[in-house]
Amino acid sequence: MGTPEFAVPSLAKLVQDGHEVAAVFTQPDKPAGRGKHLQAPPVKAFALERGIAVHQPARIKTNEEVRAVFQSIAPDACVVAAYGKILPEWLLQIPRLGCINVHASLLPKYRGAAPINWAIANGERETGITIMQMDAGLDTGPMLAQRAIEIGEDETAPELSARLAEVGAELLSETLLLVERGEIEPVPQKNDEATYAPMLKREDGLIDWQMSAREIANRVRAFQPWPGTYTIFRGVRLMLWRARAASTLTLDGIKNVEPATIILIDKTSLTIACSGSSALRIEEVQIEGKRRMNARDFINGARLNVGDRIADSLFGDQQSG
RNA sequence: CGCGGGGUGGAGCAGUCUGGUAGCUCGUUGGGCUCAUAACCCAAAGGUCCCGGGUUCAAAUCCCGGCCCCGCAA
């Protein structure tokens, strides 16, 4: 059971390892893109290519059909990776070996829907994969295996997600083998150390220029590809695609500049004052309705000068639509 | 037919409402200045104004049709 790109390597690994994948459950196709076509989740596309049966129930908990399918399959195990739905108690109890989840954090940290994004947003240097036995709670089940990896200094969420997906597939493969042999003792999570990584909301991407440059830069990396990190500039959304905290050398004599003000323009970037005497060096942006462009092109087109403001307000709250 | 923005020398944009000389910031090329420079000064090259019709003395601009890019929404 899984839905996005993150889940594909794990499914591929299951197939490659010779496991009999009786069925794949994934989210229903959804209208996407500019027109309104239905779009198949990545996991569905992969499964169909391999000739695996695909089920896309809108609801599970009270769905008798799903229940019947599940009971007739009577799987040894159910593997879940970023499925995007809550699994009801009755389903959790059907597989002999339980429901095994591939979660992209070092549990109990970052339980929830967006562990990768929030780990980067919070400036973590390290995250990882936890393989766990699912229970009725949200990512609260006992852990079967865990593997940590470093987060790159400039690594974005899609990049980290791709790496974690591979690590997850690998660790899943190893763990499943041990589970089949009954050689793993599940380790309960320390609930008092748990933190949550809630699903991202559009507003999470709105820049608060009262934050430090480092915090903003982290969010720029973290909230890709959605909701992005943006401010409201001349009445439209201005997305920041690449930015980093400016070196302290750049900061001389800017102590009293109001946040969101341009303090430096050079060949490839523009530097914006943030709070706490920090500054954000912006290298790639995108204006609403336009393509992504490097900072130089943006400066040329928007005719920016030092002293101009990059945000209509510090919070962008005048957008309120 | 979900809503909206856009397509103008190589890049990013203005000009379009109120038809009439192709503009700005860069880049490129040549020259100059300088110990030197991606800095500065001077000069030059480079455009079917997305495509096809229509209106008009005249269309980047107005009207009709089409293609393509992007944001929102989901």
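Reminder, nothing fancy here: chain letters follow the sequence lines and each chain counts from 1.
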Chemist: Please give the distance between the C1' atoms of B:rA45 and B:rG6 as a whole number of Å.
Modeler: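 Those two atoms are separated by 29 Å.
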
Chemist: When the P atoms of B:rU61 and B:rU56 are compared, how many Å lie between them, rounded to an integer?
Modeler: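 Pairwise P distance, B:rU56 against B:rU61, rounds to 16 Å.
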
Chemist: Without decimals, in angstroms, what is the distance between A:N300 CG and B:rG12 P?
Modeler: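 A:N300 atom CG is separated from B:rG12 atom P by 10 Å.
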
Chemist: If every non-hydrogen atom of A:A23 is compared with every non-hydrogen atom of A:H55, which pair is closest and at what distance?
Modeler: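 Of all heavy-atom pairs spanning A:A23 and A:H55, the closest is CB-CD2, 3.7 Å.
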
Chemist: What is the distance, to the nearest angstrom, from the CZ atom on A:F233 to the P atom on B:rC13?
Modeler: 11 Å

Chemist: Tell me whether A:E124 is salt-bridged to A:K109, with the criterion being a basic N under 4.0 Å from an acidic carboxylate O.
Modeler: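 So A:E124 does not pair with A:K109 through a salt bridge.
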
Chemist: Please name the nucleotide paired to B:rC13 by Watson-Crick or G-U wobble geometry with both distances under 3.5 Å, or report none.
Modeler: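 Across any shown strand, B:rC13 pairs with B:rG23.
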
Chemist: Using the C1' atoms only, state how far B:rC63 lies from B:rC72, rounded to an integer number of Å.
Modeler: 29 Å

Chemist: Applying the salt bridge (charged side-chain N to carboxylate O under 4.0 Å, His left out) criterion to A:R147, which one of A:E174, A:E166, A:E126, A:E170 satisfies it?
Modeler: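 That would be A:E174.
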
Chemist: When the P atoms of B:rG54 and B:rG9 are compared, how many Å lie between them, rounded to an integer?
Modeler: 25 Å

Chemist: Reading nucleotides 66-74 of chain B 5' to 3', which nucleotides get B (base under 4.0 Å from a protein heavy atom), which S (sugar-phosphate only), which -?
Modeler: ---SBBBBB

Chemist: Is it true that A:D308 and A:R303 have a side-chain N and a carboxylate O under 4.0 angstrom from each other?
Modeler: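 No salt bridge links A:D308 with A:R303.
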
Chemist: First locate atom NZ of A:K44, then atom CG of A:L11, and finally report the distance between them rounded to the nearest 0.5 Å.
Modeler: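 Here the rounded value is 14.5 Å.
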
Chemist: Among A:R292, A:R244, A:R296, which residue satisfies the salt bridge (charged side-chain N to carboxylate O under 4.0 Å, His left out) criterion with A:E283?
Modeler: A:R244

Chemist: Could you let me know what B:rA43 is paired to, Watson-Crick or G-U wobble, both distances under 3.5 Å, or none if it's on its own?
Modeler: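 Check on B:rA43: paired to B:rU29, both distances under 3.5 Å.
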
Chemist: Round to the nearest Å and state the distance from A:N305 atom CG to B:rC24 atom C1'.
Modeler: 13 Å

Chemist: Any strand is fair game: report the nucleotide pairing with B:rG4 by Watson-Crick or G-U wobble, both distances under 3.5 Å, or none.
Modeler: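 The answer is B:rC70, by the H-bond criterion.
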
Chemist: Taking CD from A:E284 and P from B:rA11, how many angstroms apart are they, rounded to a whole number?
Modeler: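 After rounding, the gap between these two atoms is 17 Å.
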
Chemist: Between atom CG in A:L304 and atom P in B:rC24, what is the gap in whole Å?
Modeler: 19 Å

Chemist: If we call it a pair only when both distances are under 3.5 Å in a Watson-Crick or G-U wobble match, what pairs with B:rU48?
Modeler: none

Chemist: Taking atom P in both B:rG53 and B:rC49, what distance in whole Å separates the two?
Modeler: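 Rounded to whole Å, the distance is 13 Å.
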
Chemist: Please check the phosphate of B:rG27 (OP1 and OP2 only) for any side-chain N or O of A:K267 closer than 4.0 Å.
Modeler: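 True: A:K267 side-chain N/O within range (under 4.0 Å) of B:rG27 OP1/OP2.
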
Chemist: For B:rG71 versus B:rU29, give the span between their P atoms, rounded off to a whole number of Å.
Modeler: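 Between the two P atoms, the distance is 33 Å.
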
Chemist: Of A:F298 and A:R303, whose closest RNA chain B nucleotide lies nearer the 5' terminus?
Modeler: A:F298

Chemist: Just how far is it from atom CG of A:N122 to atom CG of A:N117, taken to the nearest 0.5 Å?
Modeler: 10.5 Å

Chemist: Report the distance from atom CG of A:D297 to atom P of B:rA14, rounded to the nearest whole Å.
Modeler: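 About 14 Å, once rounded to whole Å.
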
Chemist: Which whole number of Å gives the distance between the P atom of B:rC1 and that of B:rA58?
Modeler: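 Going atom to atom, P in each nucleotide, I get 40 Å.
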
Chemist: Determine the Euclidean distance between corresponding P atoms of B:rU48 and B:rG10; express it in Å to zero decimal places.
Modeler: 8 Å

Chemist: Please check if any side-chain donor atom of A:T261 sits under 3.5 Å from a side-chain acceptor atom of A:E258, or the reverse.
Modeler: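 Side-chain D/A pair, A:T261 to A:E258: absent.
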
